[in-house]
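Report on one structure; see the data block that follows.
Model, not experiment: these values are computed from the prediction. Worth knowing before you read on, the calculation uses all heavy atoms, side chains too, and leaves out hydrogens, waters and symmetry mates. The chains referred to below are lettered A, B, ... by the order of the sequence lines, with proteins before strands, and numbering in each begins at 1.
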Amino acid sequence: MLTIQSLREEKDLVIRALEKRHFDAKDSIEQILQWDAERRATQSKLDDALAKSNELSREIGGLMREGRKEEAEAIKAQTATYKSISSDLKEQMHALEGKIHEALCHIPNAPHDSVAKGRNADDNVEVFRSGDASTLEHHQKPHWDIADQCGLIDFELGAKVTGAGFPFYRGKGAKLQRGLIRFFLEKADDAGYEEFIPPHMINPDSGFGTGQLPDKEGQMYHMADDDLYMIPTAEVPLTNIYRDVVVREAELPIKLCGYTPCFRREAGSYGKDVRGLNRLHQFDKVEIVQFAHPAKSYETLDAMVEHVKGLLEALELPYRILRLCGGDMGFTSALTYDFEVWSAAQERWLEVSSVSNFETYQANRLKCRFKGADGKSHLVHTLNGSALALPRIVAALLENHQDAQGIRIPEALVPYCGFERIDF
RNA sequence: GGAGGUUUGGCAGAGUUGGUCGAUUGCACCGGUCUUGAAAACCGGCGUACCGCAAGGUACCGGGGGUUCGAAUCCCUCAGCCUCCGCCA
């Protein structure tokens, strides 16, 4: 969430930035600042009342030690008024803090200067394109037909055992999956990201830390008995490693990566969006996460974008990079680049990665700070990106690299898969 | 799942017959003296957050709640860790 300091210091800037999301924050920010002023005034009064009763208690302590019981009793009588004053003030404080917190939670991150205003995906700005995004003239089969014909992925079996959106990968389909995961992890390792295998369930505190809660509660699978959520992305456990942690400035940037399955309820999706591998309830992803110095986080973002580009180049897939407009950006992000690969048979772009800088928005919730040269604590900037999400990559590989006889595995991937082709 | 123990500042570790305890001490860390430099020794400093222009004040001894004029110290509750038993890949 936004820091109260940023609202105090640069309210107008924040309001103007949020307009790019078509989010009118003016009233709620004014309200928050008013509550904040009340809160501070209340705290002063509360502190005074507590100071007074602490003082009386010390006096009583002194008198009791000296055995002057009656005098002590007399002072005791005075404490009652301060006690009721301070308990009233405490209540007011908590109420105000609660309201401020609640209101802050409902304001999305302020977009970076470079973010366009825009309403939806149509207003995203294409900043880079690579490869030939044309339609295949012959043998163009959508990936679900190929997956079925070659026995790579069994959607019906998944539907029987679990439900729609939980496919089985089998044979070369499973090996391709495993090969891609290894390929992505090795590349992340080469780039200096430390590998983690995190838990696949998280508690509510972690969900709050990265911003899934309370905003996206309905998108996660929830285990009611234990109050745990299935992770929607490795971002959540990886980023929460540094919840309530003060790091040394010299440690930054901290680079983590991890492979996990991801679980999403995808409530409200339908039609061609969910056909085949386009949208699943469980999918595999390698995620990269960085904790960066605020002065350097946009360099870091650029480096992460370059890393993802390198992966897509190696897989020889046509892709483009979009800078998301205000209206299409996630709630917690300040700047997001989406990567989309071309699906030759579907003739559409499929999102395979989203690389974002959250600036201090997550760090403020996480309370992840570093001690600066000035001796003071500062919030870090957090960033993350998919590198990469598997299903749509598999879809694009199957569709774009098909010929009359089958599928060609890109050279870079062959050592990880152990085969060069998948024959029809 | 059952029984017992435990949870204190970056780490280690005092303090639990409630009363100048936000907390002894050691290590680590920072500054200084000494030294050509370093080590050692000695001296000083050293938790976090909030309120306040400041002086200063308030809160925090796993989380939450309670008793009390007053709680790290007592009670309840939840969680983590350790030991034993049970169950189990």
Side-chain angles (χ1 to χ4, degrees), chain A residues 1-9 32-104 197-209 213 222-229 237 240-252 254 291 360 362-380:
Chain A
M1 55 193 175
L2 297 173
T3 61
I4 192 86
Q5 294 91 317
S6 72
L7 299 186
R8 284 189 205 141
E9 288 162 17
I32 287 169
L33 288 175
Q34 193 192 317
W35 283 332
D36 182 49
E38 285 176 42
R39 198 209 96 233
R40 285 187 282 169
T42 308
Q43 184 177 343
S44 284
K45 281 189 258 173
L46 173 60
D47 285 356
D48 287 348
L50 289 172
K52 189 69 188 166
S53 66
N54 284 345
E55 190 189 318
L56 292 175
S57 291
R58 273 192 295 269
E59 273 183 56
I60 293 170
L63 293 169
M64 294 295 263
R65 256 195 315 280
E66 293 168 32
R68 295 152 71 182
K69 254 192 139 172
E70 276 161 40
E71 289 169 69
E73 288 299 329
I75 295 176
K76 255 193 214 183
Q78 297 178 38
T79 61
T81 49
Y82 291 107
K83 208 176 177 184
S84 81
I85 290 172
S86 60
S87 84
D88 286 352
L89 289 170
K90 237 180 238 175
E91 216 169 287
Q92 287 177 38
M93 272 280 282
H94 286 145
L96 286 164
E97 282 169 348
K99 285 197 278 191
I100 291 168
H101 181 82
E102 175 75 11
L104 280 174
I197 300 179
H200 296 173
M201 294 190 207
I202 47 110
N203 60 30
D205 283 347
S206 295
F208 176 78
L213 296 175
H222 182 229
M223 315 286 137
D225 285 347
D226 301 290
D227 200 16
L228 296 173
Y229 295 86
N240 273 281
I241 291 172
Y242 285 92
R243 171 154 52 83
D244 292 320
V245 171
V246 179
V247 300
R248 278 168 301 150
E249 190 169 16
E251 280 182 83
L252 300 173
I254 295 167
F291 299 82
T360 60
Q362 288 183 329
N364 189 33
R365 292 183 167 206
L366 294 161
K367 296 283 170 279
C368 177
R369 291 159 296 179
F370 69 93
K371 179 90 82 174
D374 55 4
K376 290 183 183 159
S377 291
H378 303 277
L379 294 168
V380 303

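- For the pair A:Asn54 and B:A59, the criterion of a side-chain N or O lying under 4.0 Å from OP1 or OP2 is met.
- Look at CG on A:Asp47: it is 11 Å from P on B:G57, rounded to the nearest Å.
- For the OP1/OP2 pair of B:A49 and a distance below 4.0 Å, the side-chain nitrogens and oxygens of A:Ser377 include at least one atom meeting the criterion.
- The phosphate of B:U58 (OP1 or OP2) has no side-chain N or O of A:Lys45 nearer than 4.0 angstrom.
- A 6.0 Å sphere centred on CZ of A:Phe370 holds more than 12 heavy atoms belonging to other residues, nucleotides or ligands.
- Remark: side-chain polar atoms of A:Asn364 are paired, donor with acceptor, to backbone N or O of A:Met1 under 3.5 angstrom.
- Between the A:Ser206 side chain and the A:Ile202 main chain, no donor and acceptor come within less than 3.5 Å of each other.
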CA sep, side-chain torsions, deciding dist, call: A:Ser44, A:Asp47, side chain to side chain donor-acceptor pair (under 3.5 Å)
CA-CA 5 Å; A:Ser44 284; A:Asp47 285 356; over 6 Å; no
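- Contact annotation: A:Arg40 side-chain N/O to B:C50 OP1/OP2 distance is not under 4.0 Å.
- An OP1 or OP2 oxygen of B:A49 is reached within less than 4.0 angstrom by no side-chain nitrogen or oxygen of A:Lys367.
- Among the atoms of the strands shown, none is found under 4.0 Å from any heavy atom of A:Lys52.
- Remark on RNA chain B: of its neighbouring residues A:Arg369 and A:Lys83, the 5'-side contact belongs to A:Arg369, judged by nearest-heavy-atom nucleotide.
- Judged by closest nucleotide on RNA chain B, A:Ala41 is the one of A:Ala41 and A:Ala80 placed further toward the 5' end.
- Rounded to whole Å, the separation between the P atoms of B:A23 and B:U58 comes to 12 Å.
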